[in-house]
Colleague: 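I have a structure here, written as structure tokens, and I will follow up with some questions on it.
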Protein chains: 2
Amino acid sequence: MSTTPTVYDVAERSGVSIATVSRVYRNPDSVRAQTRERVLAVARDLGYVPSGNARGLASRSTGVLGLCFPDYSDPDAESEAEAGAGGHGDEADDEAAMLYSDQIIRGMERAARRHGYALLIAASLKGGPESLVAKVAGRVDGFAVLARTVPTEELEVISRRQPVVMLAGPRESNDLDHLDHIEVANADGQRELTRHLIEDHGLRRLAYVGFAEESPDVEARFRGYVEACRAAGIEVGAEPDLRVAMMTQAEGARAAEALLDRPGERPEALLFANDQMAVGALHTLDRRGLRVPQDVAVTGFDGIALSRLVRPALTTVRQPMRRMGEEAVELLVRRLSDRAQGKTEDPVSMTLPVSVARRASCGCRAA
Amino acid sequence: MSTTPTVYDVAERSGVSIATVSRVYRNPDSVRAQTRERVLAVARDLGYVPSGNARGLASRSTGVLGLCFPDYSDPDAESEAEAGAGGHGDEADDEAAMLYSDQIIRGMERAARRHGYALLIAASLKGGPESLVAKVAGRVDGFAVLARTVPTEELEVISRRQPVVMLAGPRESNDLDHLDHIEVANADGQRELTRHLIEDHGLRRLAYVGFAEESPDVEARFRGYVEACRAAGIEVGAEPDLRVAMMTQAEGARAAEALLDRPGERPEALLFANDQMAVGALHTLDRRGLRVPQDVAVTGFDGIALSRLVRPALTTVRQPMRRMGEEAVELLVRRLSDRAQGKTEDPVSMTLPVSVARRASCGCRAA
DNA sequence: ACCTAAGATGAATGCGCTTTCATTCACCTG
DNA sequence: CAGGTGAATGAAAGCGCATTCATCTTAGGT
């Protein structure tokens, strides 16, 4: 217990060299059965477990893939889940708080497992040491990063030494052209959803709520919104009707207040750039006595679990997050084997299709 | 690109020793600002990222915690999700397949993050190489294991060299007494649920479906069931009415068939040892034209997402899986710091409370 | 019985970093 | 100006394993 046993201990106690001990684990068939058994017995006896670090160092590969994602935690969402997932009382539980990143983790884990890899996950602690990525990068053979988790420059540096695939953010302009990249059809989804509101529900006074910081996803979504509006002959500005500081429920609620307080006719539909904001808006509307969707329709984007649990259930655009995780792993694995063979292929960029979930908040189902 | 840069490269190019380069990363304040900047500049230039393996080897600690869990994948559940989560049509998506382990991962990740650790997750590939644990164990400072993922003997060996906490299975008899251990109140939950069926719904002809392999959880649940029955003066055998080979939906469906085909009066309630089996049973009953809960009540155990999505929604016992993950990390962190200080504390064993979710399948809500 | 080839094992080196311990240097103190 | 201090840095010794390459067995062939 005091000092953990190493190859040396096992070798000595079983009367062989450390090379043989190593072989017993790496390549059992190359050791005579009798010797092997003896070594294994001693190992068991001593409580020997090969050090992954040493192994990785010596063989320069870890058998681990990684995922870095931002600290999505939304305090509102947490309390929401505990308080009752939008009024569900005892229905509330962890499920409601399942987010974006959880689905990706799930997808990656599955795929990684199939390929014999383990998965290392780490979220950037807000305001923590900047070295999150470095920490992960140093321990894995390759990894995926959710967009905007890591400073571009740092990523650029790291991607020179190991495969990196960027998730959900369009490839950032210049430096990162050589990164593989997976995104979803943000514009398509928002366009289709908007078209649905306009054509199928006959709504024409729409308002779009986006995100203040530069976010490629949000921009793409807004673009889809604009396209659908223009196609229907509805005039819209070049900017969302409102931009919030964070894409949280609280901000969504506040955004709804602001939009409703604006002079002029009340919008017939509020479109939000993500589900959490939309859920926040639902609360505001409820408090103000406005019925959804009769008085105002509300839509989100993402398709998180909560979107289905709130009342009225939220019409939104579902992203194939799990699949994204799987594709990321496939890509990494391919890169790794390419690299092992000295091949060099051009960076891949794929776009996964999304689908509109028509639920109650736009009027497609009973609340 | 050809060869990844190391401390040596950085040291040479910036005219310092490798010791200084190391300090720049480990203990920046101990290096003169001017020197530090120079080193960092070179590092950035070269694309240097410290090797986690080498670091771990040298400092014998990784900053990573681990989780091993069994391959829960239930093909039925997957297809269920794709086909429509019990008839929900387009409502179907990944959410429905969120399982036990996903919640634990989530809890662990959160807690690990708070303590500055990353999380390594790995599922035992069914029939894969036995070395799953060894792989994980060798790369982390401590880890949690879901019961029955790993042969007891192997765990025993490993736990001698690093903190291990066992999740959800009662401490296995002899060898593993020194393992920390977290479980949920299986018996309490099943007892309360059974009591509810008997007292609040007036049901008396119950049937319990368990798991054939020895499973401490299932045994505890069954024990709770028996206690509640006896307390109500209902006579029950020492064994579940039926034991299945796997706790999957298919097996649950089959179990329901078997129970309904038995001679004698039809049971008023079918209690399953987990949600997935109960969902399978729901299908059988539906196909046979039996109404739930009017003709037969059905209950599960676990509280997975699917349990709420099926129709009728499943009455079940919710486990605080996420919290279990968090507690596991807390325990590991404490152990690690104890160990660092040379302290040795007795193994901890904690039991987390569960809660009964009364939904439609027992008659508590509209279907 | 002798030689050869294949098989099993050992010796030695390096993977990239952390960490004493020792050394150097610039500054203070008296 | 000598002696002393503390800060900054360098030298060197591992950390635990994988992996040639060399050496030693052993079985097979004639």
Colleague: Which ones in residues 48-56 of chain A lie close to DNA chain C, meaning a heavy atom under 4.0 Å from one of its atoms?
Modeller: none
Colleague: Under 4.5 Å between any side-chain heavy atoms of A/Tyr25 and A/Leu40, yes or no?
Modeller: yes
Colleague: Could you work out, with side chain to side chain donor-acceptor pair (under 3.5 Å) as the rule, every residue matching A/Arg335, not counting sequence neighbours?
Modeller: A/Asp180
Colleague: Output the residues of residues 20-37 of chain A in contact with DNA chain D, where contact means a heavy atom of the residue under 4.0 Å from an atom of the strand; sort by number or write none.
Modeller: A/Ser22, A/Arg23, A/Arg26
Colleague: side-chain contact (heavy atoms from CB on, under 4.5 Å) with A/Phe69: which of A/Val145, A/Asp102, A/Ile105?
Modeller: A/Ile105
Colleague: Which residues pass the side chain to side chain donor-acceptor pair (under 3.5 Å) test with B/Thr62, not counting sequence neighbours?
Modeller: B/Asp141
Colleague: For B/Arg139, enumerate each residue passing the side chain to side chain donor-acceptor pair (under 3.5 Å) test, keeping only those at least two apart in sequence or located in another chain.
Modeller: B/Asn53
Colleague: Hey, which of B/Glu154, B/Lys135, B/Arg161, B/Gln162 is the one that makes side-chain contact (heavy atoms from CB on, under 4.5 Å) with A/Val49?
Modeller: B/Arg161
Colleague: Please tell me if the side chains of B/Val31 and B/Val16 come closer than 4.5 Å, counting only heavy atoms from C-beta onward.
Modeller: no
Colleague: Name the residue from B/Leu336, B/Val136, B/Val165 that meets the side-chain contact (heavy atoms from CB on, under 4.5 Å) definition with B/Leu65.
Modeller: B/Leu336
Colleague: Provide the full list of salt bridge (Lys or Arg N to Asp or Glu O under 4.0 Å) pairs with a residue in residues 19-41 of chain A, sequence neighbours left out, each pair given once.
Modeller: none
Colleague: Kindly calculate the angle separating the two end axes of the helix from C/dA1-D/dT30 to C/dG30-D/dC1, each obtained from five base pairs, and round it to 10 degrees.
Modeller: 30°
Colleague: Backbone N or O of A/Arg55 within a donor-acceptor pair of the A/Ser59 side chain at under 3.5 Å?
Modeller: yes
Colleague: Can you pull the contact range of chain B along DNA chain D, 5' to 3', using atoms under 4.0 angstrom from its heavy atoms?
Modeller: D/dA8 to D/dG16
Colleague: Tell me if the centroids of the rings in B/Tyr8 and B/Tyr48 come within less than 6.0 Å of each other.
Modeller: no
Colleague: Which donor-acceptor pairs under 3.5 Å do the side chains of residues 114-121 of chain B make with protein atoms, sequence neighbours left out?
Modeller:
from     : atom 1 : to       : atom 2 : distance (Å)
B/His115 : NE2    : B/Glu330 : OE1    : 3.1
B/His115 : NE2    : B/Glu330 : OE2    : 3.2

Colleague: If the condition is side chain to side chain donor-acceptor pair (under 3.5 Å), which residues does B/Arg13 pass it with, not counting sequence neighbours?
Modeller: B/Asp45
Colleague: Excluding sequence neighbours, so at least two apart, what forms ring pair (Phe, Tyr, Trp, His ring centres under 6.0 Å) with A/Phe143?
Modeller: none
Colleague: Quick one: does A/Ser159's side chain have a donor or acceptor within less than 3.5 Å of a partner on A/Leu155's backbone?
Modeller: yes
Colleague: Using a heavy-atom cut-off of 4.0 Å to chain A, what are the terminal contacting nucleotides of DNA chain C, in 5' to 3' order?
Modeller: C/dA8 to C/dG16
